[in-house]
Amino acid sequence: MSTLKVGRRAIETSNQHKVLFPGNEVTKGELIAYYHEVAAVMVPHLKGRPLTIQRFPDGIDKNGFYQKDASKYLPDWIHTQKLPKDKGTVNHVICDNPATLVYLANQAAITLHTGTSRVDRVEQPDQLIFDLDPPENAFRSAQEAAELLCALLEELSLPRFAKTTGGKGLHVVVPLRRGWRYRDVRAFADDTARVFELRAPQRLTTAVRRAKREGRLYIDVGRNAYGAHAVAPYSVRPSRGAPVSTPLFSDELFDEDLRPERFTVRSVLERIGAKGDPWASMRTSAVTLTRARTALNKLLAKT
DNA sequence: GCGGTAT
DNA sequence: ATACCGCTTCGGAGT
DNA sequence: ACTCCG
């Protein structure tokens, strides 16, 4: 039990030596130190977004759980926002300062997931996410798919930002100016995915059912929905080696030496120190989908 | 990790 | 007293 | 209407 000063808050931390990642022996203390140090770069990406927290108090080899509703027992300085769900409401944590991140790390919050809208206009997403999910351990095929997808988004004059998920695949994110509602952004995502699939039907699929994928890379667009979420940039994942979902520079995305498992809780801070945050300009790059919608309709008509 | 409820 | 329990949601497509 | 999926 000890106290960590974060800004003007004093955070009580406990069980610093508890091993959360057996195998490489990453402790809760290391998790807390990582989130403390990464906060300056990470918090801007969390600000205003409803958080879904994935916690593993007994380590990643034991069952963890997701937590959205955080109404109970949180210190009053942690911000929350009550949001509607189909039956009732959920009181989400909003992480808008480093101290909140450290507090959550002490709660064994290994992974943080964020919504694609901000709470002040929660029905209007400011991100469009494509999740490229390769079969087996074929990270290379996710890179190839990302190349095709980025070419398509370029044709639609859309900006795009990529990151590793910390798992097998990649996320490609288009920052949006708010205005469109979920159902319209989702329809755009569906149509984009359909065009994308038609360009390499032997390698790509939009089939949700695993049995129908037949070794092809799955392009998942289902995160573009109210109440859905995706792993946050710089979040740790509950897997061997404590991998981190890591934003990439565009020249890194296609580098054949890229090894996402090298981005871990023990290596990412050094990378940020050396190269900075590849997503720093995301907010200022946001666009409307209106023109892209017209261009996409033309591509759809050609099929 | 921790509050709530059953034992 | 301690033991166990809960702790996400969404929609589309397939059956 | 219920299941699978992430």
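Letters A, B, ... are given to chains in the order of the sequence lines, protein chains preceding strands, and every chain is numbered from 1.
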Exercise for the section: Please state whether the phosphate of D:dC5, meaning OP1 or OP2, lies under 4.0 angstrom from any side-chain nitrogen or oxygen of A:Lys212. Expected result: no
Practice task
Report which part of the nucleic acid A:Asn106 touches: base, sugar-phosphate, or nothing (heavy-atom distance under 4.0 Å, all strands).
Solution key: sugar-phosphate
Handout entry: A:Arg210 side chain near C:dA13 phosphate (N/O to OP1/OP2, under 4.0 Å)
Key = no
Practice task
Determine, answering yes or no, if A:Phe65 is stacked on B:dG1 under the 5.5 Å centre rule and the 30° plane rule.
Solution key: yes
Handout entry: Any side-chain donor near an acceptor of the partner, A:Lys68 and A:His92, under 3.5 Å
Key = no
Fill in the blank from the handout: Among the nucleotides C:dT8, D:dC5, D:dT3, whichever has the atom closest to the side chain of A:Arg213 is D:dC5
Completion exercise
Checking D:dG6, C:dG12, B:dG1 against the side chain of A:Arg223 (C-beta onward), the nearest is D:dG6
Exercise for the section: Describe the nucleic acid contact of A:Asp58 in one word from base, sugar-phosphate, nothing, applying a heavy-atom distance below 4.0 Å. Expected result: nothing
Exercise for the section: Would you tell me if any nitrogen or oxygen in the side chain of A:Lys28 comes within less than 4.0 Å of OP1 or OP2 on B:dG1? Expected result: yes
Problem - N/O donor-acceptor pair, side chain A:His229 with base C:dT8, under 3.5 angstrom - result: yes
Handout entry: Any donor-acceptor N or O pair under 3.5 Å, side chains A:Thr52, A:Gln67
Key = no
Handout entry: Which nucleotide in D:dC5, C:dC7, C:dC10 has an atom nearest any side-chain atom of A:Gln67
Key = C:dC7
Exercise for the section: Could you tell me whether A:Arg183 contacts a base, only the sugar-phosphate backbone, or nothing, with contacts defined as non-hydrogen atoms closer than 4.0 Å? Expected result: nothing
Practice task
Take A:Phe161 and A:His171 through the ring-ring contact (aromatic ring centres under 6.0 Å, His included) test and state the conclusion after the steps.
Solution key: CA-CA 8 Å; A:Phe161 293 80; A:His171 283 169; over 10 Å; no
Problem - A:Thr52 vs C:dT9: side-chain N/O to OP1/OP2 distance below 4.0 Å - result: no
Practice task
Return the nearest nucleotide to the side chain of A:Lys68; candidates are C:dG14, D:dG6, C:dT8.
Solution key: C:dT8
Practice task
Just say parallel, tilted or perpendicular for the rings of A:His113 and A:Tyr66, cut-offs at 30° and 60°.
Solution key: tilted
Problem - Nearest-0.5 Å distance, CZ of residue A:Arg177 to OG1 of residue A:Thr288 - result: 4.0 Å
Practice task
Determine the interatomic distance between P on C:dT8 and the same-named atom on B:dG4; round to the nearest Å.
Solution key: 15 Å
Problem - Span that lies between the P atom of D:dG6 and that of C:dC7, in whole angstrom - result: 23 Å
